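Fair warning: this is a prediction, and the values are worked out from it, not measured in the lab.
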Amino acid sequence: MSVKQSHPVEMGPIEPHQRLQKLIADSQRVSIDPTMPINRYYRSGNQIVETADRSLRDGNLEKAFTFYLRFVTIFVELILDHPGYKSVPPADKQQTKEKIKKILPRAEEIRKKLLERYTAEYKLYLQQLKQQAKQEEKEDEARKLAVAAATAAAAATAAASKAAEQKPTTSGIGPYAPSAPSHVAVISDSDAKLIDQVLYPSEFLTDRSQATGLPGTGLLLAGTENRRFDRSLKPVLPPAPVPTVGFRSIIVPTDTMAKFLELAAANTAANLETCAILAGSLAQTRFTITHVIFPKQCGTSDSCNTMNEEEIAVIQDRHNLITLGWIHTHPSQTAFLSSVDLHTHCSYQLMLEEAIAIVCSPKYRETGFFNLTPYGMDSISQCRQTGFHPHPAGQPLFTEVQHIILSDAVGARVIDLR
């Protein structure tokens, strides 16, 4: 699998060590949600390492380095401040320590390779600068020569013209009398009438606008007269979206939403949110959602809090399931990610970059499939506010996912622990 490398001209201006330090700083800009059950972090840590390992196999050193450092940052520094850290079983802590012992030398080896690559790209950038300077010098010299030649040619032309003006004429009228033209063009009356009948471009477009009702554009495009666009239509999710670069596809059974809404109907009627965990498996570089797990929960009109998540861990261990995201309702609102939803999903996507959030809006008959943008991940992971609060406007924080495949070939199994 080929990996697109950064062009040296784009990244070369950054000194190699500074460039590496920037990558390290970006990799460590993560946080954990103290309200998220700590066992979810320990269970999903394997997915961070698996993503790093896969990136390393694919030759994407920067991504591998980023995910290895993310794992170390979470489980060496941040996890200690989680209120549930003391409740983590000693076996899980020891298993994590063993992983860190393997990851650290691997990350150090990648760091050395990246520094070598950055240094080579920086040298190439400096060489390109020298070549560009030489080329510009040659072009500047060529321009000077061209200007000098043009100046000399103009001077010679002026001198020749002056000499011609001073030369005596042989017409007998005078030394400076102008000579008559050898031929005079005369337009007849019949020719003038024909010219008046010529249809010029501006007149043609005016006539075309009147005939078709379309504004004159100056362009003639075959078949454009009959085109009509309904701009009021909302964009719909394509049946088979093009996967986001670097993301593995997630197969979503088409009955997932219907089964979820059926069990959420009572809460929806009472204007209470309902949520569930999306879990499944990985096969041939493609995830498949196989289970929708309802944990014990407490919902309001605009939020939903889960409880006893250790029960989910038991189910996932029993069926060997990976957490692939979550699904929840907006009983009285449209399908989108609220500020609280953004923080909730950030914890999922932090553990598995392909994780998705499905939002069902029964009232408006909408279903949204979302994930955070790179800008959103960076912004939300650094946000320390809780509850509903505004986030910086500008770049989008979340977007519709492009790596899901809706399929009728598989079905979702529902497990209700409420």
Answer yes or no: is there a side-chain heavy-atom contact under 4.5 Å between [X] and [Y]?
X    : Y    : value
M377 : V30  : no
I358 : F260 : no
E353 : Q47  : no
F369 : E400 : no
L23  : Y118 : yes
F370 : D341 : no
C360 : E366 : no
F336 : H330 : yes

Look at the side chain of [X] and the backbone N and O of [Y], then say whether any donor-acceptor pair between them is shorter than 3.5 Å.
X    : Y    : result
T323 : G325 : no
T256 : V252 : no
S379 : G376 : no
T329 : T274 : yes
S44  : M351 : no
K259 : A412 : yes
Q349 : L372 : yes

query: Once the angle between the rings of Y348 and W326 is folded into 0 to 90°, is it parallel (under 30°), tilted (30 to 60°) or perpendicular (over 60°)?
result: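 If you compare the ring of Y348 with that of W326, the planes turn out parallel.
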
Which atom of [X] lies closest to which atom of [Y], heavy atoms considered:
X    : Y    : result
G368 : A335 : N-CB, 3.8 Å
A52  : F67  : CB-CB, 3.6 Å
P83  : P34  : CG-O, 3.6 Å
L80  : V76  : CD1-O, 3.4 Å
A64  : L56  : CB-N, 3.7 Å
H319 : I415 : NE2-CD1, 4.2 Å

task: Indicate whether the side chain of D33 and that of S347 have a donor and an acceptor atom separated by less than 3.5 Å.
output: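 No, no side-chain donor-acceptor contact under 3.5 Å.
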
message: Between Q135 and E139, do the side chains contain a donor N or O and an acceptor N or O under 3.5 Å apart?
response: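 Their side chains do contain a donor-acceptor pair, which is all the 3.5 Å distance test asks for.
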
message: Using the rule given for side-chain hydrogen bond (donor to acceptor under 3.5 Å, both in side chains), can you reason through Q127 versus Q131, listing the C-alpha separation, both sets of side-chain angles and the distance that settles it, and then say yes or no?
response: CA-CA 6 Å; Q127 292 176 2; Q131 293 176 358; 5.4 Å; no

Counting only heavy atoms from other residues, nucleotides and ligands, does the tally under 6.0 Å from [atom1] of [X] exceed 12?
X    : atom1 : result
K93  : NZ    : yes
E98  : CD    : yes
R286 : CZ    : no
H391 : NE2   : yes
E310 : CD    : yes

Less than 4.0 Å between a side-chain N and a carboxylate O, is that true for [Y] and [X]?
X    : Y    : answer
E15  : K123 : no
E62  : R117 : yes
D58  : K63  : no
E116 : K113 : no
K22  : D26  : yes
R43  : D92  : no

task: Apply side chain to side chain contact (heavy atoms under 4.5 Å, CB included) to I74 and I48, showing your working.
output: CA-CA 10 Å; I74 291 174; I48 299 179; 4.1 Å; yes

First locate atom [atom1] of [X], then atom [atom2] of [Y], and finally report the distance between them rounded to the nearest 0.5 Å.
X    : Y    : atom1 : atom2 : result
Q316 : N39  : CD    : CG    : 9.0 Å
I32  : R40  : CD1   : CZ    : 13.0 Å
F287 : S249 : CZ    : OG    : 10.0 Å
I14  : Q21  : CD1   : CD    : 12.5 Å
L282 : N320 : CG    : CG    : 10.5 Å
L278 : I322 : CG    : CD1   : 13.0 Å

- prompt: Which is it for I250 and I356 under the side chain to side chain contact (heavy atoms under 4.5 Å, CB included) test, yes or no, and what are the steps along the way?
  reply: CA-CA 9 Å; I250 295 182; I356 64 173; 4.0 Å; yes

task: Mark yes or no: K97 above the aromatic ring of F75, with NZ or CZ under 6.0 Å from the six-membered ring centre and no more than 45 degrees from the axis.
output: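 Cation-pi check for K97 and F75: fails.
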
- request: Could you check D53 against R106 for side chain to side chain contact (heavy atoms under 4.5 Å, CB included), going step by step and ending with a plain yes or no?
  value: CA-CA 10 Å; D53 291 342; R106 197 176 305 168; 3.0 Å; yes

Would you give me the side-chain donor-acceptor pairs under 3.5 Å for residues 293-307, sequence neighbours excluded?
| from | atom 1 | to | atom 2 | distance (Å) |
| --- | --- | --- | --- | --- |
| K296 | NZ | E311 | OE1 | 3.0 |
| K296 | NZ | E311 | OE2 | 3.1 |
| K296 | NZ | L417 | O | 3.1 |
| Q297 | OE1 | C275 | N | 2.9 |
| Q297 | NE2 | C275 | O | 2.9 |
| Q297 | NE2 | P295 | O | 2.9 |
| T300 | OG1 | D302 | N | 3.3 |
| T300 | OG1 | D302 | OD1 | 3.2 |
| T300 | OG1 | S303 | N | 3.0 |
| T300 | OG1 | S303 | OG | 2.6 |
| T306 | OG1 | E309 | OE2 | 2.6 |

message: One pair to check against salt bridge (Lys or Arg N to Asp or Glu O under 4.0 Å): E108 and K102. What are the steps and the verdict?
response: CA-CA 11 Å; E108 175 61 19; K102 296 179 181 179; over 6 Å; no

- prompt: Is the H345 to H343 ring centre distance short of 6.0 Å?
  reply: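 Ring centroids of H345 and H343 are no less than 6.0 Å from each other.
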
Hey, can you pull the donor-acceptor pairs under 3.5 Å for the side chains in residues 140-148, sequence neighbours left out?
none

Side chain to side chain contact (heavy atoms under 4.5 Å, CB included) between E273 and T268, intermediate numbers included: CA-CA 7 Å; E273 280 196 7; T268 301; over 6 Å; no

